Amino acid sequence: MLELRGVQAGYGRIQALREVTLTVGGGEIVTLIGANGAGKSTTLMAVCGIVPAQAGEILFEGESLHGLSPEAIVRRGIVQVPEGRRIFPRLSVLENLELGAFLRRDAAGIRRDLDHVMELFPILADRRRQPGGTLSGGEQQMLAISRALMARPRLLLLDEPSLGLAPLVIRQIFAIIRRINAEGTTVFLVEQNANQALKLAHRGYVLENGRTVLADTAERLLDNEDVKRAYLGI
Ligand code: ATP
(Lines give C-alpha, C1' and ligand atoms only; values in the text may rest on other atoms or scores of the structure.)
Protein backbone atom coordinates (compact mmCIF):
# COMPACT_ATOMS: atom_id res chain seq x y z
CA MET A 1 0.00 0.00 0.00
CA LEU A 2 2.78 2.41 0.99
CA GLU A 3 6.34 2.21 -0.22
CA LEU A 4 9.30 4.45 0.61
CA ARG A 5 12.44 3.97 -1.45
CA GLY A 6 15.64 5.70 -0.41
CA VAL A 7 13.81 8.73 0.94
CA GLN A 8 15.86 11.74 1.98
CA ALA A 9 14.38 14.80 3.67
CA GLY A 10 15.37 17.51 6.10
CA TYR A 11 15.12 21.02 7.38
CA GLY A 12 17.51 23.50 5.75
CA ARG A 13 20.98 22.10 6.29
CA ILE A 14 19.81 19.41 8.72
CA GLN A 15 19.38 16.14 6.87
CA ALA A 16 16.93 14.25 9.06
CA LEU A 17 16.29 11.37 6.63
CA ARG A 18 19.26 9.90 4.76
CA GLU A 19 17.91 6.63 3.39
CA VAL A 20 14.49 5.48 4.48
CA THR A 21 13.24 2.38 2.70
CA LEU A 22 10.16 0.52 3.89
CA THR A 23 6.80 -0.88 2.89
CA VAL A 24 3.42 -1.06 4.57
CA GLY A 25 1.10 -3.69 3.10
CA GLY A 26 -2.69 -3.32 3.03
CA GLY A 27 -4.19 -4.64 6.28
CA GLU A 28 -0.92 -4.55 8.23
CA ILE A 29 0.21 -2.76 11.36
CA VAL A 30 3.81 -1.75 10.70
CA THR A 31 5.88 0.07 13.28
CA LEU A 32 8.94 2.27 12.91
CA ILE A 33 10.97 2.36 16.10
CA GLY A 34 14.02 4.43 16.92
CA ALA A 35 15.63 6.75 19.43
CA ASN A 36 14.84 10.38 19.99
CA GLY A 37 15.78 12.37 16.90
CA ALA A 38 16.26 9.32 14.64
CA GLY A 39 13.82 10.82 12.13
CA LYS A 40 10.58 8.98 12.92
CA SER A 41 8.33 12.06 12.88
CA THR A 42 10.07 13.39 9.79
CA THR A 43 9.30 10.11 8.00
CA LEU A 44 5.59 10.60 8.70
CA MET A 45 5.80 14.28 7.69
CA ALA A 46 7.36 13.23 4.38
CA VAL A 47 4.55 10.75 3.73
CA CYS A 48 1.97 13.46 4.51
CA GLY A 49 3.63 15.98 2.21
CA ILE A 50 4.40 18.40 5.05
CA VAL A 51 8.19 17.98 4.76
CA PRO A 52 9.02 17.37 1.07
CA ALA A 53 11.20 14.40 0.15
CA GLN A 54 14.40 15.71 -1.46
CA ALA A 55 15.32 12.39 -3.00
CA GLY A 56 13.89 8.90 -3.27
CA GLU A 57 10.29 7.92 -3.87
CA ILE A 58 7.10 7.66 -1.85
CA LEU A 59 4.42 5.55 -3.50
CA PHE A 60 0.86 5.01 -2.29
CA GLU A 61 -0.94 2.18 -4.05
CA GLY A 62 1.68 2.31 -6.77
CA GLU A 63 1.39 6.05 -7.45
CA SER A 64 3.95 8.66 -6.50
CA LEU A 65 2.90 11.22 -3.89
CA HIS A 66 5.60 13.59 -5.13
CA GLY A 67 4.45 17.20 -5.31
CA LEU A 68 0.98 16.53 -3.87
CA SER A 69 -0.30 18.93 -1.21
CA PRO A 70 -1.06 17.57 2.28
CA GLU A 71 -4.76 18.06 1.51
CA ALA A 72 -4.51 16.00 -1.68
CA ILE A 73 -2.73 13.28 0.29
CA VAL A 74 -5.54 13.22 2.89
CA ARG A 75 -8.01 12.90 0.01
CA ARG A 76 -6.11 9.82 -1.17
CA GLY A 77 -6.81 8.24 2.22
CA ILE A 78 -3.65 8.89 4.29
CA VAL A 79 -4.38 10.58 7.61
CA GLN A 80 -1.96 11.39 10.41
CA VAL A 81 -2.45 11.59 14.16
CA PRO A 82 0.37 14.00 15.00
CA GLU A 83 2.74 13.77 17.93
CA GLY A 84 1.36 15.69 20.91
CA ARG A 85 -2.25 15.14 19.73
CA ARG A 86 -2.73 18.75 18.45
CA ILE A 87 -6.40 18.86 19.22
CA PHE A 88 -8.16 22.25 19.24
CA PRO A 89 -8.38 23.02 22.98
CA ARG A 90 -11.13 25.66 22.84
CA LEU A 91 -13.40 23.70 20.54
CA SER A 92 -15.71 21.07 21.96
CA VAL A 93 -15.03 17.36 21.54
CA LEU A 94 -17.81 17.22 18.95
CA GLU A 95 -16.40 20.18 17.00
CA ASN A 96 -12.94 18.58 17.00
CA LEU A 97 -14.47 15.43 15.56
CA GLU A 98 -16.45 17.34 12.94
CA LEU A 99 -13.24 19.05 11.78
CA GLY A 100 -11.79 15.63 11.06
CA ALA A 101 -14.52 15.22 8.45
CA PHE A 102 -13.75 18.64 6.91
CA LEU A 103 -13.08 17.27 3.42
CA ARG A 104 -16.19 15.06 3.34
CA ARG A 105 -19.66 15.89 2.02
CA ASP A 106 -21.51 12.66 2.88
CA ALA A 107 -23.60 13.81 5.86
CA ALA A 108 -25.08 10.38 6.56
CA GLY A 109 -21.65 8.72 6.50
CA ILE A 110 -20.24 11.39 8.82
CA ARG A 111 -23.06 10.75 11.32
CA ARG A 112 -22.40 7.01 11.18
CA ASP A 113 -18.67 7.54 11.75
CA LEU A 114 -19.40 9.89 14.68
CA ASP A 115 -21.48 7.14 16.29
CA HIS A 116 -18.70 4.64 15.57
CA VAL A 117 -15.87 6.65 17.20
CA MET A 118 -18.07 7.34 20.21
CA GLU A 119 -18.67 3.63 20.49
CA LEU A 120 -14.90 2.99 20.27
CA PHE A 121 -14.26 5.66 22.92
CA PRO A 122 -17.43 6.05 25.07
CA ILE A 123 -15.71 8.72 27.17
CA LEU A 124 -15.85 11.04 24.13
CA ALA A 125 -19.63 10.69 24.02
CA ASP A 126 -19.82 11.65 27.71
CA ARG A 127 -17.59 14.65 27.08
CA ARG A 128 -18.96 15.71 23.69
CA ARG A 129 -19.87 19.29 24.75
CA GLN A 130 -16.70 19.85 26.78
CA PRO A 131 -13.76 21.89 25.39
CA GLY A 132 -11.05 19.53 24.10
CA GLY A 133 -8.47 21.28 26.29
CA THR A 134 -10.19 20.08 29.46
CA LEU A 135 -9.66 16.39 28.61
CA SER A 136 -6.88 14.32 30.20
CA GLY A 137 -3.84 13.37 28.09
CA GLY A 138 -5.23 9.92 27.37
CA GLU A 139 -8.64 11.32 26.43
CA GLN A 140 -6.97 13.86 24.14
CA GLN A 141 -5.13 11.02 22.41
CA MET A 142 -8.45 9.21 21.98
CA LEU A 143 -9.90 12.41 20.51
CA ALA A 144 -6.93 12.85 18.15
CA ILE A 145 -7.29 9.26 16.88
CA SER A 146 -11.05 9.68 16.53
CA ARG A 147 -10.64 12.95 14.65
CA ALA A 148 -8.34 11.17 12.20
CA LEU A 149 -10.87 8.34 11.80
CA MET A 150 -13.52 10.92 10.89
CA ALA A 151 -11.53 11.52 7.69
CA ARG A 152 -12.08 7.83 6.78
CA PRO A 153 -8.39 6.90 6.37
CA ARG A 154 -7.31 3.82 4.52
CA LEU A 155 -3.84 4.32 5.96
CA LEU A 156 -3.64 5.73 9.49
CA LEU A 157 -0.30 7.24 10.54
CA LEU A 158 0.23 7.41 14.29
CA ASP A 159 3.07 9.47 15.75
CA GLU A 160 3.97 8.31 19.27
CA PRO A 161 0.45 7.74 20.59
CA SER A 162 1.86 6.48 23.90
CA LEU A 163 3.83 9.66 24.62
CA GLY A 164 3.32 10.88 28.18
CA LEU A 165 0.55 8.42 29.01
CA ALA A 166 0.21 6.04 31.95
CA PRO A 167 0.70 2.30 31.23
CA LEU A 168 -2.99 1.47 31.69
CA VAL A 169 -4.03 4.19 29.24
CA ILE A 170 -1.38 3.05 26.73
CA ARG A 171 -2.84 -0.46 26.87
CA GLN A 172 -6.34 0.93 26.19
CA ILE A 173 -5.14 3.03 23.25
CA PHE A 174 -3.15 0.14 21.75
CA ALA A 175 -6.14 -2.21 22.10
CA ILE A 176 -8.23 0.28 20.13
CA ILE A 177 -5.51 0.57 17.46
CA ARG A 178 -5.65 -3.22 17.09
CA ARG A 179 -9.44 -3.04 16.72
CA ILE A 180 -9.25 -0.21 14.16
CA ASN A 181 -6.83 -2.38 12.17
CA ALA A 182 -9.07 -5.44 12.50
CA GLU A 183 -11.93 -3.36 11.10
CA GLY A 184 -9.90 -2.76 7.93
CA THR A 185 -7.63 0.27 8.39
CA THR A 186 -3.94 -0.16 7.66
CA VAL A 187 -1.72 1.31 10.38
CA PHE A 188 1.79 2.79 10.27
CA LEU A 189 2.87 3.43 13.86
CA VAL A 190 5.91 5.46 14.89
CA GLU A 191 6.98 4.81 18.49
CA GLN A 192 9.76 5.27 20.99
CA ASN A 193 7.97 2.73 23.15
CA ALA A 194 9.43 -0.15 21.12
CA ASN A 195 8.25 -2.89 23.41
CA GLN A 196 4.54 -2.00 23.20
CA ALA A 197 4.76 -1.11 19.51
CA LEU A 198 6.37 -4.43 18.55
CA LYS A 199 3.81 -6.35 20.59
CA LEU A 200 1.06 -4.67 18.59
CA ALA A 201 2.59 -4.67 15.10
CA HIS A 202 2.93 -7.38 12.48
CA ARG A 203 6.26 -6.05 11.17
CA GLY A 204 8.73 -3.42 12.19
CA TYR A 205 11.65 -1.29 11.05
CA VAL A 206 14.46 0.22 13.09
CA LEU A 207 15.48 3.77 12.21
CA GLU A 208 18.91 5.06 13.18
CA ASN A 209 20.22 8.49 12.23
CA GLY A 210 17.77 8.81 9.38
CA ARG A 211 18.38 5.34 7.94
CA THR A 212 16.25 2.20 8.13
CA VAL A 213 18.83 -0.29 9.35
CA LEU A 214 16.75 -3.34 10.23
CA ALA A 215 13.49 -4.86 8.96
CA ASP A 216 11.75 -7.97 10.25
CA THR A 217 8.57 -9.40 11.71
CA ALA A 218 7.68 -7.80 15.03
CA GLU A 219 8.09 -11.15 16.74
CA ARG A 220 11.68 -11.57 15.52
CA LEU A 221 12.58 -7.96 16.33
CA LEU A 222 11.37 -8.50 19.91
CA ASP A 223 13.79 -11.41 20.04
CA ASN A 224 16.71 -9.65 18.32
CA GLU A 225 19.66 -9.13 20.70
CA ASP A 226 20.63 -5.71 19.24
CA VAL A 227 17.04 -4.49 19.45
CA LYS A 228 16.71 -5.81 23.00
CA ARG A 229 19.83 -3.98 24.09
CA ALA A 230 19.23 -0.68 22.27
CA TYR A 231 15.46 -0.29 22.43
CA LEU A 232 13.90 -2.69 24.89
CA GLY A 233 16.18 -2.07 27.85
CA ILE A 234 16.81 -5.81 28.29
P1 ATP B 1 11.31 12.29 18.55
O2 ATP B 1 10.99 10.96 19.08
O3 ATP B 1 12.10 13.14 19.48
O4 ATP B 1 10.13 13.01 17.96
P5 ATP B 1 12.08 11.53 15.90
O6 ATP B 1 12.71 10.21 15.68
O7 ATP B 1 10.64 11.67 15.57
O8 ATP B 1 12.34 12.02 17.37
P9 ATP B 1 12.47 13.80 14.20
O10 ATP B 1 11.55 14.66 15.02
O11 ATP B 1 12.01 13.33 12.89
O12 ATP B 1 12.94 12.55 15.05
O13 ATP B 1 13.84 14.60 14.04
C14 ATP B 1 14.92 14.17 13.21
C15 ATP B 1 15.99 15.25 13.16
O16 ATP B 1 15.45 16.43 12.53
C17 ATP B 1 16.49 15.69 14.52
O18 ATP B 1 17.85 15.95 14.41
C19 ATP B 1 15.71 16.96 14.79
O20 ATP B 1 16.44 17.82 15.63
C21 ATP B 1 15.55 17.54 13.40
N22 ATP B 1 14.32 18.34 13.28
C23 ATP B 1 13.06 17.89 13.48
N24 ATP B 1 12.16 18.87 13.23
C25 ATP B 1 12.87 19.96 12.87
C26 ATP B 1 12.51 21.29 12.48
N27 ATP B 1 11.24 21.69 12.42
N28 ATP B 1 13.54 22.14 12.18
C29 ATP B 1 14.82 21.74 12.23
N30 ATP B 1 15.22 20.49 12.58
C31 ATP B 1 14.26 19.61 12.90
Side-chain angles (χ1 to χ4, degrees), residues 2-24 29-58 60 65-66 69-71 73-74 78-87 137-138 140-141 144-145 147-148 153 155-167 169-170 173-174 177 187-201 203-216 218 221-222 224 226-234:
L2 178 73
E3 183 169 4
L4 276 68
R5 288 188 201 144
V7 171
Q8 298 180 15
Y11 309 89
R13 283 202 305 253
I14 298 173
Q15 208 190 350
L17 305 185
R18 295 165 194 279
E19 228 264 89
V20 176
T21 296
L22 57 84
T23 61
V24 181
I29 302 179
V30 173
T31 188
L32 180 66
I33 60 170
N36 222 318
K40 303 183 299 299
S41 298
T42 307
T43 302
L44 291 191
M45 301 286 199
V47 173
C48 292
I50 296 167
V51 174
Q54 294 153 347
E57 271 193 300
I58 304 179
F60 183 60
L65 297 180
H66 184 77
S69 66
E71 182 188 321
I73 291 173
V74 172
I78 302 179
V79 182
Q80 183 180 186
V81 181
E83 185 175 340
R85 352 276 186 220
R86 304 272 187 94
I87 58 143
Q140 289 191 16
Q141 185 62 61
I145 293 173
R147 184 182 56 188
L155 174 62
L156 184 65
L157 309 177
L158 294 159
D159 195 348
E160 301 223 22
S162 78
L163 193 73
L165 302 182
V169 181
I170 296 175
I173 301 264
F174 277 37
I177 297 171
V187 174
F188 184 36
L189 168 70
V190 153
E191 262 296 342
Q192 261 192 73
N193 189 336
N195 189 33
Q196 297 277 357
L198 289 171
K199 282 182 180 153
L200 177 73
R203 289 189 304 114
Y205 292 85
V206 176
L207 189 68
E208 280 177 10
N209 299 320
R211 293 179 203 277
T212 34
V213 294
L214 199 55
D216 213 332
L221 287 173
L222 274 170
N224 179 301
D226 294 335
V227 172
K228 278 189 192 170
R229 215 172 310 116
Y231 301 105
L232 303 177
I234 301 174

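As the structure is a computational prediction, the values presented were derived from the model and not from experiment. Whatever order the structure lists them in is the order used to number ligands and atoms, beginning at 1. One-based numbering along the sequence shown.
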Problem - Distance-only N or O hit between ligand 1 and I14, under 3.5 Å - result: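 There is no such contact.
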Exercise for the section: For ligand 1, indicate whether the residue M45 contacts it via side chain, backbone, both or neither (heavy-atom separation under 4.0 Å). Expected result: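 For M45, no heavy atom sits under 4.0 Å from ligand 1.
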Handout entry: Structural part of T42 in contact with ligand 1, heavy atom criterion under 4.0 angstrom
Key =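 Both parts.
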Give the atom numbers and elements of ligand 1 that come within less than 4.0 Å of a heavy atom of [X].
| X | result |
| --- | --- |
| A16 | 14 (C), 15 (C), 16 (O) |
| A35 | 6 (O) |
| Q192 | 2 (O) |
| E83 | 4 (O) |

Practice task
Not counting sequence neighbours, which residues clear salt bridge (charged side-chain N to carboxylate O under 4.0 Å, His left out) with R203? List them please.
Solution key: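 Result, salt bridge (charged side-chain N to carboxylate O under 4.0 Å, His left out) vs R203: E28.
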Problem - 4.0 Å protein heavy-atom contact status of atom 23 (C) of ligand 1, strictly under - result: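 Flag for atom 23 (C) of ligand 1 set to true, protein heavy atom closer than 4.0 Å.
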Problem - Any protein heavy atom < 4.0 Å from atom 9 (P) of ligand 1 - result: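 Looking at atom 9 (P) of ligand 1, one finds that a protein heavy atom does lie closer than 4.0 Å.
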Are the side chain of [X] and the backbone N or O of [Y] linked by a donor-acceptor pair below 3.5 Å?
| X | Y | result |
| --- | --- | --- |
| T212 | T21 | yes |
| K40 | G34 | yes |
| E191 | N193 | yes |
| Y205 | T23 | yes |

Measure the distance from [atom] to every protein heavy atom, then report the residue, atom name and distance (to 0.1 Å) of the closest one.
| atom | answer |
| --- | --- |
| atom 12 (O) of ligand 1 | G39 N, 3.1 Å |
| atom 3 (O) of ligand 1 | N36 OD1, 2.3 Å |
| atom 5 (P) of ligand 1 | K40 N, 3.4 Å |
| atom 17 (C) of ligand 1 | G37 O, 3.8 Å |
| atom 30 (N) of ligand 1 | Y11 CD1, 3.5 Å |

Practice task
For residues V7 and T43, determine if any side-chain heavy atom of one lies less than 4.5 Å from a side-chain heavy atom of the other.
Solution key: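 When only atoms from C-beta onward are counted, T43 and V7 do not touch, as no gap falls below 4.5 Å.
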Exercise for the section: Going by the side chain to side chain contact (heavy atoms under 4.5 Å, CB included) test, name the single residue among I78, V81, L189, V190 that passes it with L157. Expected result: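 Only one option passes, and that is I78.
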Exercise for the section: Taking side chain to side chain donor-acceptor pair (under 3.5 Å) as the test, write out the residues that go with R5, two or more places apart. Expected result: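 Counting only residues at least two positions away or on another chain, R5 forms a side chain to side chain donor-acceptor pair (under 3.5 Å) with E3, E57.
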Handout entry: Between CD on residue Q196 and NZ on residue K199, distance to nearest 0.5 Å
Key =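 It comes to 6.0 Å.
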